[in-house]
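Working notes, structure below.
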Amino acid sequence: MTNRRLWRVETYTMGSANGLAAIHGKEPLFSFGLISDVQYADIPDGRSFLGVPRYYRHSIVVLQRAVKEWNNSKRHKFVINFGDIVDGYCPKDQSLSTVKKLVDEFEMFNGPVYHLIGNHCLYNLPRSKLLPLLKIKSFESHAYYDFSPVPEYRFVVLDGYDISAIGWPQDHPKTFEALKFLREKNPNEDKNSPTGLVGLERRFLMFNGAIGKEQMEWLSSVLQEATKLKQKVVVCCHLPLDPGASSKEALLWNYAEVMNLIHKYTCVKLCLSGHDHKGGYSIDSHGVHHRVLEAALECPPGRDAFGYVDVYDDRISLYGTDRMQTTDMYFHPKADL
(Lines give C-alpha, C1' and ligand atoms only; values in the text may rest on other atoms or scores of the structure.)
Protein backbone atom coordinates (compact mmCIF):
# COMPACT_ATOMS: atom_id res chain seq x y z
CA MET A 1 0.00 0.00 0.00
CA THR A 2 1.26 3.47 -0.86
CA ASN A 3 2.71 5.45 2.01
CA ARG A 4 0.50 8.53 1.81
CA ARG A 5 2.73 10.47 4.20
CA LEU A 6 5.11 10.96 1.29
CA TRP A 7 2.54 12.83 -0.82
CA ARG A 8 2.86 16.29 0.71
CA VAL A 9 0.85 19.34 -0.32
CA GLU A 10 2.11 22.44 1.47
CA THR A 11 2.29 26.19 0.95
CA TYR A 12 5.57 28.11 0.84
CA THR A 13 6.80 31.29 -0.73
CA MET A 14 9.19 30.84 -3.62
CA GLY A 15 11.96 32.26 -1.44
CA SER A 16 11.61 29.51 1.14
CA ALA A 17 11.72 26.73 -1.45
CA ASN A 18 15.53 26.68 -1.36
CA GLY A 19 15.25 25.20 2.10
CA LEU A 20 13.18 22.33 0.72
CA ALA A 21 15.72 21.72 -2.02
CA ALA A 22 18.41 21.51 0.62
CA ILE A 23 16.34 18.98 2.57
CA HIS A 24 16.03 16.87 -0.57
CA GLY A 25 19.82 16.79 -0.62
CA LYS A 26 20.49 16.93 -4.36
CA GLU A 27 20.19 19.28 -7.28
CA PRO A 28 17.27 18.86 -9.68
CA LEU A 29 17.85 17.66 -13.25
CA PHE A 30 16.23 20.92 -14.36
CA SER A 31 13.67 23.52 -13.31
CA PHE A 32 10.91 25.43 -15.10
CA GLY A 33 8.35 28.13 -14.35
CA LEU A 34 4.57 27.86 -14.71
CA ILE A 35 1.42 29.93 -14.59
CA SER A 36 -2.17 29.40 -15.70
CA ASP A 37 -5.36 31.25 -16.54
CA VAL A 38 -4.05 34.82 -16.61
CA GLN A 39 -7.20 35.84 -18.54
CA TYR A 40 -6.20 39.49 -18.74
CA ALA A 41 -8.63 42.08 -20.09
CA ASP A 42 -8.66 45.86 -19.82
CA ILE A 43 -12.10 45.86 -18.17
CA PRO A 44 -13.39 46.38 -14.59
CA ASP A 45 -13.20 43.49 -12.13
CA GLY A 46 -16.03 40.97 -12.31
CA ARG A 47 -17.16 37.59 -11.05
CA SER A 48 -17.44 34.06 -12.39
CA PHE A 49 -20.81 32.33 -12.90
CA LEU A 50 -20.33 30.99 -9.37
CA GLY A 51 -19.68 34.47 -7.95
CA VAL A 52 -15.90 34.15 -7.51
CA PRO A 53 -14.15 37.54 -7.93
CA ARG A 54 -12.04 38.00 -11.07
CA TYR A 55 -9.37 40.69 -11.30
CA TYR A 56 -8.99 41.24 -15.04
CA ARG A 57 -6.55 44.16 -15.01
CA HIS A 58 -4.46 42.91 -12.09
CA SER A 59 -3.68 39.52 -13.67
CA ILE A 60 -1.04 41.03 -15.96
CA VAL A 61 0.73 42.33 -12.83
CA VAL A 62 0.78 38.77 -11.47
CA LEU A 63 2.38 37.65 -14.75
CA GLN A 64 4.94 40.46 -14.62
CA ARG A 65 5.94 39.50 -11.07
CA ALA A 66 6.18 35.86 -12.14
CA VAL A 67 8.52 36.67 -15.03
CA LYS A 68 10.68 38.81 -12.74
CA GLU A 69 10.94 35.96 -10.20
CA TRP A 70 11.75 33.38 -12.89
CA ASN A 71 14.44 35.61 -14.38
CA ASN A 72 15.93 36.45 -10.99
CA SER A 73 16.41 32.76 -10.22
CA LYS A 74 18.61 32.39 -13.33
CA ARG A 75 18.08 28.62 -13.35
CA HIS A 76 14.76 27.88 -15.04
CA LYS A 77 15.18 26.13 -18.38
CA PHE A 78 11.80 27.25 -19.75
CA VAL A 79 8.30 28.46 -18.79
CA ILE A 80 4.92 26.87 -19.54
CA ASN A 81 1.73 28.92 -19.82
CA PHE A 82 -1.21 26.56 -19.22
CA GLY A 83 -3.71 28.50 -21.29
CA ASP A 84 -6.35 31.22 -21.26
CA ILE A 85 -3.93 34.08 -21.82
CA VAL A 86 -6.76 36.61 -22.40
CA ASP A 87 -10.31 36.59 -21.05
CA GLY A 88 -13.41 35.99 -23.16
CA TYR A 89 -14.84 39.33 -21.99
CA CYS A 90 -11.98 41.17 -23.69
CA PRO A 91 -13.57 43.53 -26.24
CA LYS A 92 -13.22 41.73 -29.59
CA ASP A 93 -11.75 44.75 -31.35
CA GLN A 94 -8.91 44.49 -28.80
CA SER A 95 -8.40 40.71 -28.96
CA LEU A 96 -5.43 40.71 -31.33
CA SER A 97 -3.56 43.55 -29.62
CA THR A 98 -4.29 42.14 -26.15
CA VAL A 99 -3.00 38.66 -27.00
CA LYS A 100 0.12 40.29 -28.47
CA LYS A 101 0.51 42.37 -25.30
CA LEU A 102 0.41 39.27 -23.10
CA VAL A 103 2.75 37.31 -25.37
CA ASP A 104 5.20 40.22 -25.13
CA GLU A 105 5.08 39.96 -21.32
CA PHE A 106 5.88 36.24 -21.51
CA GLU A 107 8.70 37.00 -23.96
CA MET A 108 10.40 39.03 -21.23
CA PHE A 109 11.42 35.67 -19.75
CA ASN A 110 15.03 34.87 -20.57
CA GLY A 111 14.37 31.52 -22.21
CA PRO A 112 11.80 29.48 -24.17
CA VAL A 113 8.08 29.84 -23.39
CA TYR A 114 5.67 27.02 -24.25
CA HIS A 115 1.99 27.92 -24.59
CA LEU A 116 -1.16 25.83 -24.30
CA ILE A 117 -4.45 27.02 -25.73
CA GLY A 118 -7.60 27.34 -23.63
CA ASN A 119 -11.24 28.19 -24.30
CA HIS A 120 -10.76 31.89 -23.53
CA CYS A 121 -7.93 32.10 -26.08
CA LEU A 122 -10.33 30.67 -28.68
CA TYR A 123 -13.15 33.07 -27.73
CA ASN A 124 -10.81 35.87 -28.81
CA LEU A 125 -9.05 34.57 -31.90
CA PRO A 126 -9.44 31.69 -34.35
CA ARG A 127 -6.68 29.10 -34.36
CA SER A 128 -5.28 30.44 -37.63
CA LYS A 129 -4.41 33.75 -35.92
CA LEU A 130 -3.82 32.49 -32.38
CA LEU A 131 -1.27 29.71 -32.93
CA PRO A 132 1.31 31.83 -34.82
CA LEU A 133 1.16 34.46 -32.07
CA LEU A 134 1.83 31.75 -29.46
CA LYS A 135 4.62 30.35 -31.65
CA ILE A 136 2.92 26.96 -31.75
CA LYS A 137 4.22 25.31 -34.90
CA SER A 138 1.36 23.12 -35.99
CA PHE A 139 -0.02 21.04 -38.81
CA GLU A 140 -3.51 22.04 -39.94
CA SER A 141 -3.97 24.31 -36.88
CA HIS A 142 -3.50 21.55 -34.31
CA ALA A 143 -2.01 22.73 -31.01
CA TYR A 144 -0.44 19.52 -29.69
CA TYR A 145 3.30 18.92 -29.61
CA ASP A 146 6.09 17.49 -27.47
CA PHE A 147 9.58 18.47 -26.40
CA SER A 148 12.42 16.96 -24.41
CA PRO A 149 14.39 19.45 -22.29
CA VAL A 150 16.80 16.76 -21.05
CA PRO A 151 17.29 13.14 -22.23
CA GLU A 152 15.53 11.74 -19.13
CA TYR A 153 12.25 13.63 -19.58
CA ARG A 154 9.68 14.42 -22.24
CA PHE A 155 6.80 16.91 -22.08
CA VAL A 156 3.65 16.14 -24.03
CA VAL A 157 1.36 19.12 -24.69
CA LEU A 158 -2.19 18.08 -25.54
CA ASP A 159 -4.75 20.11 -27.47
CA GLY A 160 -7.85 19.77 -25.31
CA TYR A 161 -9.97 21.70 -27.84
CA ASP A 162 -9.13 19.39 -30.74
CA ILE A 163 -12.83 18.47 -30.93
CA SER A 164 -14.55 21.71 -29.98
CA ALA A 165 -17.39 24.05 -30.87
CA ILE A 166 -15.03 27.02 -30.44
CA GLY A 167 -11.89 27.99 -32.32
CA TRP A 168 -12.49 26.10 -35.58
CA PRO A 169 -14.39 27.62 -38.53
CA GLN A 170 -18.15 27.09 -38.19
CA ASP A 171 -18.20 24.76 -41.21
CA HIS A 172 -15.20 22.69 -40.00
CA PRO A 173 -15.78 18.93 -39.46
CA LYS A 174 -14.44 19.23 -35.90
CA THR A 175 -17.04 21.90 -35.12
CA PHE A 176 -19.81 19.68 -36.50
CA GLU A 177 -18.50 16.72 -34.49
CA ALA A 178 -18.44 18.78 -31.27
CA LEU A 179 -21.93 20.22 -31.77
CA LYS A 180 -23.35 16.76 -32.52
CA PHE A 181 -21.68 15.42 -29.37
CA LEU A 182 -23.10 18.26 -27.25
CA ARG A 183 -26.61 17.78 -28.65
CA GLU A 184 -26.43 14.11 -27.63
CA LYS A 185 -24.96 14.73 -24.17
CA ASN A 186 -26.44 18.04 -23.03
CA PRO A 187 -30.20 18.65 -23.45
CA ASN A 188 -30.00 22.33 -22.39
CA GLU A 189 -30.48 25.08 -24.96
CA ASP A 190 -27.44 26.79 -23.43
CA LYS A 191 -24.70 24.22 -23.98
CA ASN A 192 -22.58 25.88 -21.27
CA SER A 193 -25.24 25.04 -18.69
CA PRO A 194 -24.92 21.83 -16.64
CA THR A 195 -28.54 22.04 -15.41
CA GLY A 196 -29.98 18.54 -15.13
CA LEU A 197 -26.66 16.84 -15.82
CA VAL A 198 -25.65 14.43 -13.07
CA GLY A 199 -22.19 13.60 -11.71
CA LEU A 200 -19.48 13.31 -14.33
CA GLU A 201 -22.01 14.15 -17.07
CA ARG A 202 -21.59 17.78 -15.93
CA ARG A 203 -18.41 18.01 -18.03
CA PHE A 204 -20.42 17.98 -21.27
CA LEU A 205 -20.31 21.76 -21.70
CA MET A 206 -19.35 23.92 -24.66
CA PHE A 207 -16.41 25.52 -22.84
CA ASN A 208 -14.74 22.10 -22.65
CA GLY A 209 -13.58 19.86 -25.49
CA ALA A 210 -12.12 16.51 -26.47
CA ILE A 211 -9.03 14.92 -27.99
CA GLY A 212 -9.66 13.47 -31.43
CA LYS A 213 -8.64 10.19 -33.06
CA GLU A 214 -5.54 11.52 -34.83
CA GLN A 215 -4.23 13.16 -31.67
CA MET A 216 -4.85 9.94 -29.71
CA GLU A 217 -2.79 8.03 -32.27
CA TRP A 218 -0.06 10.65 -32.02
CA LEU A 219 -0.10 10.45 -28.22
CA SER A 220 0.23 6.68 -28.34
CA SER A 221 3.23 6.92 -30.68
CA VAL A 222 4.92 9.53 -28.46
CA LEU A 223 4.43 7.41 -25.34
CA GLN A 224 5.80 4.36 -27.18
CA GLU A 225 8.90 6.32 -28.17
CA ALA A 226 9.35 7.71 -24.64
CA THR A 227 9.11 4.19 -23.24
CA LYS A 228 11.73 2.98 -25.72
CA LEU A 229 14.03 5.85 -24.70
CA LYS A 230 13.36 5.23 -20.98
CA GLN A 231 12.02 8.75 -20.57
CA LYS A 232 9.66 9.93 -17.85
CA VAL A 233 6.74 11.95 -19.23
CA VAL A 234 4.85 15.02 -18.03
CA VAL A 235 1.51 15.50 -19.80
CA CYS A 236 0.22 19.08 -20.08
CA CYS A 237 -3.39 19.90 -21.00
CA HIS A 238 -5.47 23.00 -20.29
CA LEU A 239 -8.38 20.74 -19.35
CA PRO A 240 -7.96 18.45 -16.29
CA LEU A 241 -7.77 14.68 -16.81
CA ASP A 242 -8.79 13.31 -13.41
CA PRO A 243 -12.03 13.90 -11.44
CA GLY A 244 -10.12 13.66 -8.18
CA ALA A 245 -8.21 16.86 -8.94
CA SER A 246 -10.94 18.90 -10.61
CA SER A 247 -14.53 20.07 -10.60
CA LYS A 248 -16.67 17.77 -12.73
CA GLU A 249 -17.64 20.76 -14.89
CA ALA A 250 -14.01 21.40 -15.94
CA LEU A 251 -12.95 17.95 -17.18
CA LEU A 252 -11.93 17.00 -20.72
CA TRP A 253 -14.94 15.34 -22.40
CA ASN A 254 -13.03 12.12 -23.11
CA TYR A 255 -10.63 12.22 -20.15
CA ALA A 256 -11.28 8.53 -19.38
CA GLU A 257 -10.29 7.47 -22.90
CA VAL A 258 -7.11 9.55 -22.70
CA MET A 259 -6.19 8.19 -19.27
CA ASN A 260 -6.88 4.59 -20.37
CA LEU A 261 -4.28 5.12 -23.08
CA ILE A 262 -1.82 6.78 -20.69
CA HIS A 263 -2.26 3.94 -18.18
CA LYS A 264 -1.11 1.41 -20.80
CA TYR A 265 2.36 2.85 -20.25
CA THR A 266 4.36 3.44 -17.09
CA CYS A 267 6.30 6.44 -18.41
CA VAL A 268 3.74 9.15 -17.52
CA LYS A 269 4.37 10.43 -14.01
CA LEU A 270 2.44 13.70 -13.88
CA CYS A 271 -0.45 15.45 -15.63
CA LEU A 272 -0.53 19.24 -15.26
CA SER A 273 -3.62 21.32 -16.10
CA GLY A 274 -5.36 24.67 -15.67
CA HIS A 275 -8.99 25.66 -16.39
CA ASP A 276 -10.42 24.80 -12.95
CA HIS A 277 -9.37 28.02 -11.22
CA LYS A 278 -9.43 26.83 -7.61
CA GLY A 279 -6.69 24.26 -8.31
CA GLY A 280 -6.49 20.66 -7.20
CA TYR A 281 -4.34 17.58 -6.69
CA SER A 282 -4.85 13.83 -6.83
CA ILE A 283 -3.05 10.55 -7.44
CA ASP A 284 -5.02 8.22 -9.69
CA SER A 285 -5.42 4.43 -9.47
CA HIS A 286 -2.22 3.88 -11.46
CA GLY A 287 -0.09 6.23 -9.36
CA VAL A 288 -0.09 9.10 -11.88
CA HIS A 289 -0.12 12.51 -10.20
CA HIS A 290 -2.62 15.15 -11.37
CA ARG A 291 -2.04 18.80 -10.46
CA VAL A 292 -4.52 21.48 -11.53
CA LEU A 293 -3.02 24.97 -11.18
CA GLU A 294 -4.60 27.87 -9.30
CA ALA A 295 -5.56 30.77 -11.59
CA ALA A 296 -3.64 34.05 -11.78
CA LEU A 297 -6.96 35.74 -12.66
CA GLU A 298 -8.39 35.23 -9.17
CA CYS A 299 -5.58 37.05 -7.34
CA PRO A 300 -6.69 40.38 -5.83
CA PRO A 301 -4.11 43.20 -5.79
CA GLY A 302 -1.11 42.17 -3.72
CA ARG A 303 -1.73 38.44 -4.18
CA ASP A 304 -0.04 35.99 -6.58
CA ALA A 305 -0.49 32.56 -8.17
CA PHE A 306 2.51 31.22 -10.09
CA GLY A 307 5.39 28.93 -9.34
CA TYR A 308 8.29 26.86 -10.51
CA VAL A 309 9.03 23.16 -10.67
CA ASP A 310 12.15 21.23 -9.72
CA VAL A 311 12.39 17.92 -11.59
CA TYR A 312 14.29 14.94 -10.19
CA ASP A 313 14.65 11.25 -11.06
CA ASP A 314 12.23 10.19 -8.34
CA ARG A 315 9.91 13.16 -7.85
CA ILE A 316 8.64 16.44 -9.22
CA SER A 317 8.33 19.32 -6.75
CA LEU A 318 6.10 22.31 -7.51
CA TYR A 319 6.98 25.37 -5.44
CA GLY A 320 4.08 27.80 -5.47
CA THR A 321 3.87 31.47 -4.63
CA ASP A 322 1.04 32.68 -2.38
CA ARG A 323 -2.25 31.24 -3.70
CA MET A 324 -0.51 28.49 -5.67
CA GLN A 325 0.01 25.48 -3.43
CA THR A 326 3.41 23.82 -3.14
CA THR A 327 3.17 20.12 -4.04
CA ASP A 328 5.81 17.41 -3.61
CA MET A 329 5.07 14.49 -5.94
CA TYR A 330 7.05 11.26 -5.55
CA PHE A 331 6.89 8.41 -8.02
CA HIS A 332 10.03 6.29 -7.48
CA PRO A 333 9.19 2.85 -6.02
CA LYS A 334 11.66 3.47 -3.21
CA ALA A 335 9.39 6.32 -2.05
CA ASP A 336 7.02 3.69 -0.69
CA LEU A 337 9.57 2.24 1.69
Side-chain angles (χ1 to χ4, degrees), residues 10-21 24 27-40 58-85 101-118 121 134-136 145-150 152-157 232 234-238 269-275 277 279 281 289 291-299 303-312 315-329:
E10 304 165 286
T11 305
Y12 296 87
T13 63
M14 284 178 76
S16 70
N18 292 334
L20 274 182
H24 287 326
E27 288 297 309
L29 296 172
F30 64 97
S31 304
F32 67 94
L34 45 66
I35 194 169
S36 190
D37 297 271
V38 175
Q39 291 183 221
Y40 171 78
H58 178 253
S59 65
I60 196 171
V61 179
V62 177
L63 173 59
Q64 289 165 343
R65 284 199 288 256
V67 171
K68 184 178 179 181
E69 288 269 8
W70 296 329
N71 281 335
N72 286 345
S73 79
K74 294 185 171 64
R75 67 187 190 89
H76 301 316
K77 206 171 182 70
F78 56 89
V79 160
I80 304 180
N81 161 39
F82 279 82
D84 283 357
I85 194 169
K101 178 178 181 176
L102 271 290
V103 169
D104 287 346
E105 293 293 342
F106 274 103
E107 292 296 318
M108 296 298 289
F109 173 68
N110 298 325
V113 178
Y114 297 99
H115 292 279
L116 281 66
I117 61 169
C121 307
L134 300 179
K135 295 183 171 64
I136 298 176
Y145 57 95
D146 68 304
F147 63 97
S148 180
V150 297
E152 298 92 335
Y153 271 86
R154 183 178 297 219
F155 283 69
V156 176
V157 175
K232 296 178 178 71
V234 176
V235 171
C236 304
C237 183
H238 180 68
K269 304 302 178 184
L270 170 63
C271 297
L272 290 169
S273 302
H275 195 51
H277 291 185
Y281 173 62
H289 297 262
R291 182 68 172 86
V292 180
L293 303 173
E294 293 81 2
L297 173 65
E298 294 184 0
C299 296
R303 302 295 300 276
D304 285 315
F306 58 87
Y308 73 88
V309 176
D310 282 347
V311 181
Y312 300 84
R315 69 188 175 280
I316 295 176
S317 297
L318 165 60
Y319 299 110
T321 294
D322 196 4
R323 294 185 70 255
M324 185 171 286
Q325 295 281 311
T326 287
T327 316
D328 239 354
M329 296 167 280

Less than 4.5 Å apart, any side-chain heavy atom of [X] and any of [Y]?
{"X": "Thr321", "Y": "Glu69", "value": "no"}
{"X": "Phe155", "Y": "Cys236", "value": "yes"}
{"X": "Ile117", "Y": "Leu134", "value": "yes"}
{"X": "Leu34", "Y": "Leu272", "value": "yes"}
{"X": "Ser317", "Y": "Tyr312", "value": "yes"}
{"X": "Phe306", "Y": "Leu63", "value": "no"}
{"X": "Leu293", "Y": "Met324", "value": "yes"}
{"X": "Ser59", "Y": "Val38", "value": "yes"}

Starting at [atom1] of [X], measure out to [atom2] of [Y] and round the result to the nearest 0.5 Å.
{"X": "Arg65", "Y": "Asn72", "atom1": "CZ", "atom2": "CG", "value": "13.5 Å"}
{"X": "Gln39", "Y": "Ile60", "atom1": "CD", "atom2": "CD1", "value": "14.0 Å"}
{"X": "Phe32", "Y": "Lys77", "atom1": "CZ", "atom2": "NZ", "value": "12.5 Å"}

If you take all heavy atoms of [X] and [Y], which pair is closest and at what distance?
{"X": "Asp37", "Y": "Ala295", "value": "CB-CB, 3.7 Å"}
{"X": "Val62", "Y": "Arg303", "value": "CG2-O, 3.8 Å"}
{"X": "Leu318", "Y": "Gln325", "value": "CD2-O, 3.8 Å"}
{"X": "Gly274", "Y": "Ser36", "value": "CA-OG, 3.3 Å"}
{"X": "Gly83", "Y": "Cys121", "value": "C-SG, 4.4 Å"}

Pair His76 and Tyr308, ring centroids less than 6.0 Å apart:
yes
Would you mind checking if Arg323 and Asp304 are paired as a salt bridge, meaning a charged N to carboxylate O distance below 4.0 Å?
no
Salt bridge or not between Asp310 and Arg75? Use side-chain N to carboxylate O under 4.0 Å.
yes
Counting distance only, does the side-chain N/O of [X] pair as donor-acceptor with the main-chain N or O of [Y] below 3.5 Å?
{"X": "Thr326", "Y": "Gly320", "answer": "yes"}
{"X": "His58", "Y": "Cys299", "answer": "yes"}
{"X": "Trp70", "Y": "Gly307", "answer": "yes"}

Ser148 and Arg154: side chain to side chain donor-acceptor pair (under 3.5 Å), yes or no, with the steps?
CA-CA 4 Å; Ser148 180; Arg154 183 178 297 219; 5.4 Å; no
For Ile316 and Tyr153: C-alpha separation, side-chain torsions, deciding distance, then whether side chain to side chain contact (heavy atoms under 4.5 Å, CB included) applies.
CA-CA 11 Å; Ile316 295 176; Tyr153 271 86; 4.1 Å; yes
So, using ring pair (Phe, Tyr, Trp, His ring centres under 6.0 Å) as the criterion, who are the partners of His238 when residues are at least two apart?
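Ring pair (Phe, Tyr, Trp, His ring centres under 6.0 Å) check on His238 returns His275.
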Only distances under 3.5 Å count here; give the side-chain donor-acceptor pairs of residues 101-116 to other protein atoms, sequence neighbours excluded, each with its distance to 0.1 Å.
unit_1: Lys101; atom_1: NZ; unit_2: Tyr40; atom_2: OH; d: 3.2
unit_1: Glu105; atom_1: OE2; unit_2: Gln64; atom_2: NE2; d: 3.2
unit_1: Asn110; atom_1: ND2; unit_2: Asn71; atom_2: OD1; d: 3.3
unit_1: His115; atom_1: ND1; unit_2: Asn81; atom_2: ND2; d: 2.9

